[in-house]
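Working notes for the structure below.
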There are 2 protein chains.
Amino acid sequence: MDNSLRSPRYIQVYAAIRDWIYQGTYKPGQRLPTESELCDLFGVSRITTRKAVDMLVDEELVVRQPGRGTFVVEDLADAPVVGDMEQLLRKVERLGKNTRVARAEVQEQVADAETRKDLRLADGARVQRASHVRLLDKEPIGYVVTYIPADLDVRFDLNELNESPMLTLLERKGVDIASCDQVITATLADGRLAGLLNTTVGAPLVHLRLMVFDSRRRPVERLVAWYRAEHYHHHVHLTRKSR
Amino acid sequence: MDNSLRSPRYIQVYAAIRDWIYQGTYKPGQRLPTESELCDLFGVSRITTRKAVDMLVDEELVVRQPGRGTFVVEDLADAPVVGDMEQLLRKVERLGKNTRVARAEVQEQVADAETRKDLRLADGARVQRASHVRLLDKEPIGYVVTYIPADLDVRFDLNELNESPMLTLLERKGVDIASCDQVITATLADGRLAGLLNTTVGAPLVHLRLMVFDSRRRPVERLVAWYRAEHYHHHVHLTRKSR
DNA sequence: GGCGGCAAGTTGTATTAACATCATGACCAC
DNA sequence: GTGGTCATGATGTTAATACAACTTGCCGCC
């Protein structure tokens, strides 16, 4: 490692490994050299190497497997934006405090095909389905439907759901929420949604789908929501660790 | 720190400080105890403390100022989701390779009011405005307009813009891209957009606004885009560092 | 009075060291 | 053969320590 450069060594190591990956020296699924081999290769200590690899892990460019090694992730091609879920949890919690719910419903039922697929359930499996309209200053801003596998053994009643969002409740009930996938797109209000959201048919809506997983990557919640566009702005802030 | 718990010490320290912040023990703008004070408070080494604070910095809950201290960020309330910009850069680069552009235009002009505000320009300041329709398999999927301050002293021609997205070009020309803010919402196609995107008036569109900043937080690009909803799904993957 | 430089305090980077946890395969006892 | 045990090597966590870079305020010199 060249010490005359301004950038710290761990950045240089990070950039070098990152370039290996993007240039195909190490291909998806392949194992990287072990950390001590990397130490020897770059002539740095293990802490420095680990800090570099930590950055790659944060970017989800590589995954570490204790006892086995560090591997380039399989799906480099269309990796989604990666962020920190802690923020979503706080955001949802705040939303729950600053808004009210209306038309709340909850029932246990047999899962429909799409829910079965997303939650990886067998035919005829049961789910808890909860839905509500969310109000900001008595004005409806979104319609939210959530599905929870019945075999998760967590039950909700209407009072709870009026108080806190499902995600907050899940956590409070001890479900170890670990990650989620969020897909956002645009759609139009049909007659039913227009009625629920007090808007006109054809109004622009933000359509959000959320899958929540526990630490063993089992799906624990499926959420589908429609928000009135004028009340929903999905804000993402991205920063760069280095050059 | 309790060693009998399964979670590592740096996670415990992280959670403790995080809770201080959320519970108002340390308020926005306030300085946290110094790292060595934190070490004494929790009875851990500086490495452990730093790792905990690193996590808070990643979440943008606190900012470090070398030589001064570590401070709680000012705007806790509606902090956007924070992620890694490296991924966006790669994504944009791939998009440039997998799609084509049509109706590309570029010209230097006086900035309109909104662009002036976003790019923090004075009255009468000039910008380069570039616009194009992006095609996937000859089908228009989005209409993109970008504004670059003229005093950035970076010039583009149509050939370049046909080849690579603006963000890729900016980086290639040596602009040190450091962070960005992205806001996504839904809207409807008006007559002009419907024509450009080969769709109908009233079709659902994903509306994206992007502000790009350099390492000194100066705005270097403003991007406004409309994508046909069926061709744009904003995918976010969030993971959790701990409990 | 103003300016420069020094000292103290804080974060930034880096090393060496040790032990814990996990996965794997070889080996041995049954 | 089957199953348990152990050694090995990988990542995970933590410690003690040192020096560098930066900010700020104090203090003395001019």
Side-chain angles (χ1 to χ4, degrees), chain A residues 1-17 26 29-58 60-73 178 215-217 239-243, chain B residues 1-17 26 29-58 60-73 215-216 239-243:
Chain A
M1 283 293 98
D2 188 354
N3 217 342
S4 68
L5 293 176
R6 290 176 227 101
S7 58
R9 297 190 187 184
Y10 70 85
I11 297 281
Q12 297 178 44
V13 174
Y14 154 77
I17 303 176
Y26 288 91
Q30 201 172 342
R31 209 191 79 166
L32 288 180
T34 70
E35 294 183 354
S36 48
E37 283 169 349
L38 290 172
C39 292
D40 293 344
L41 276 169
F42 293 108
V44 299
S45 75
R46 178 141 175 253
I47 291 218
T48 304
T49 298
R50 274 189 72 80
K51 186 148 182 176
V53 178
D54 279 346
M55 292 173 66
L56 296 166
V57 172
D58 280 347
E60 297 207 352
L61 235 54
V62 304
V63 290
R64 285 207 255 236
Q65 294 186 26
R68 304 224 310 120
T70 305
F71 299 81
V72 180
V73 294
S215 56
R216 276 177 287 186
R217 292 184 182 267
T239 55
R240 207 167 179 190
K241 296 194 242 295
S242 72
R243 281 190 313 127
Chain B
M1 284 293 100
D2 188 354
N3 215 343
S4 67
L5 294 175
R6 289 177 227 98
S7 59
R9 297 190 186 186
Y10 70 85
I11 298 283
Q12 297 176 45
V13 174
Y14 154 78
I17 302 176
Y26 288 91
Q30 201 172 344
R31 209 190 80 167
L32 288 179
T34 70
E35 294 183 355
S36 47
E37 282 169 348
L38 291 172
C39 292
D40 293 343
L41 276 170
F42 293 108
V44 298
S45 75
R46 180 141 175 251
I47 290 214
T48 306
T49 298
R50 274 189 70 82
K51 187 147 183 176
V53 177
D54 279 346
M55 293 174 66
L56 296 166
V57 171
D58 280 347
E60 299 205 355
L61 237 54
V62 304
V63 290
R64 284 207 254 238
Q65 294 186 26
R68 305 223 311 122
T70 304
F71 299 81
V72 179
V73 294
S215 56
R216 276 177 288 186
T239 55
R240 205 167 182 191
K241 295 194 245 292
S242 73
R243 280 189 315 126

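What you see below is based on every heavy atom in this structure, not just the backbone, and it leaves out hydrogens, waters and symmetry mates. These numbers were taken from a predicted model, which means no experiment stands behind them. Numbers restart at 1 for each chain; the letters A, B, ... are given by sequence-line order, proteins then strands.
Applying the side chain to side chain donor-acceptor pair (under 3.5 Å) rule to B:R31 yields no partners; only residues at least two apart in sequence or on another chain are considered. Scanning for side chain to side chain donor-acceptor pair (under 3.5 Å) contacts around B:Q30 gives an empty result, with sequence neighbours left out. The side chain to side chain contact (heavy atoms under 4.5 Å, CB included) test applied to A:S45 returns A:I47, A:T48, not counting sequence neighbours.
In this structure, the CZ atom of B:R31 is 8 Å from the C1' atom of C:dT10, given to the nearest Å. When rounded to the nearest whole Å, the span between CD of B:E37 and C1' of C:dT10 equals 10 Å. Atom OH in B:Y14 sits roughly 15 Å away from atom P in D:dT13 (whole-Å rounding). Nucleotide D:dA15 holds its C1' atom 14 Å from the NZ atom of B:K51, rounded to whole Å. Atoms CZ (A:F42) and C1' (C:dT13) sit 18 Å apart, rounded to a whole Å. The distance between atom CG of B:D40 and atom C1' of C:dT10, rounded to the nearest whole Å, is 14 Å. D:dA16 atom P lies 10 Å from atom CD1 of B:I47, rounded to whole Å. Regarding A:D54, its CG atom lies at a distance of 14 Å from the P atom of C:dT13, rounded to whole Å.
Closest approach to the B:R46 side chain among C:dT16, D:dT13, C:dG12 is made by C:dG12 (side chain taken as heavy atoms from C-beta onward). Of all nucleotides listed (D:dG12, C:dT11, D:dA16), C:dT11 comes nearest to the side chain of B:E35. Out of D:dT13, C:dT13, C:dT15, the shortest distance to the side chain of A:P8 is found at C:dT13. Listed candidates were D:dT14, D:dG12, C:dG12. Nearest to the side chain of A:R64 is D:dG12. Side-chain proximity of A:R9 to D:dT11, D:dA15, C:dA14: nearest is C:dA14.
Of the listed residues (A:V63, A:V72, A:V73, A:I17), just one forms a side chain to side chain contact (heavy atoms under 4.5 Å, CB included) with A:L56, and that residue is A:I17. Between A:T70 and the choices A:V53, A:V57, A:T34, the side chain to side chain contact (heavy atoms under 4.5 Å, CB included) rule is met once, by A:V53.
A:T70 comes within 4.0 angstrom of the backbone, heavy atoms only, and of no base. Residue A:T48 is classed as a sugar-phosphate contact, given heavy-atom separations below 4.0 Å to backbone atoms only.
Taking five base pairs at each end of the helix from C:dG1-D:dC30 to C:dC30-D:dG1, the local helix axes there meet at an angle of 10°, rounded to 10°.
Separating the OG1 atom in B:T239 from the CD atom in A:E60 is a distance of 5.0 Å, to the nearest 0.5 Å.
Contact annotation: A:Y10 reaches the phosphate of C:dT13 (side-chain N/O to OP1 or OP2, under 4.0 Å). Taking side-chain N and O atoms only, B:R50 has no distance below 4.0 Å to OP1 or OP2 of C:dT11.
Between A:A52 and A:Y14, the closest heavy-atom pair is CB-N, 3.5 Å. Closest of all the heavy-atom pairs between B:P33 and B:L41 is CG-CD1, 4.4 Å.
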Per-nt protein contacts along nucleotides 21-26 of chain C (heavy atom under 4.0 Å; B base, S backbone sugar-phosphate only, - none) come out as -BSS--
Subject >> Working for side-chain contact (heavy atoms from CB on, under 4.5 Å), residues B:I11 and B:K51 >> reply: CA-CA 8 Å; B:I11 298 283; B:K51 187 147 183 176; over 6 Å; no
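Screening residues 36-49 of chain B for salt bridge (charged side-chain N to carboxylate O under 4.0 Å, His left out), with sequence neighbours left out, gives B:E35-B:R46.
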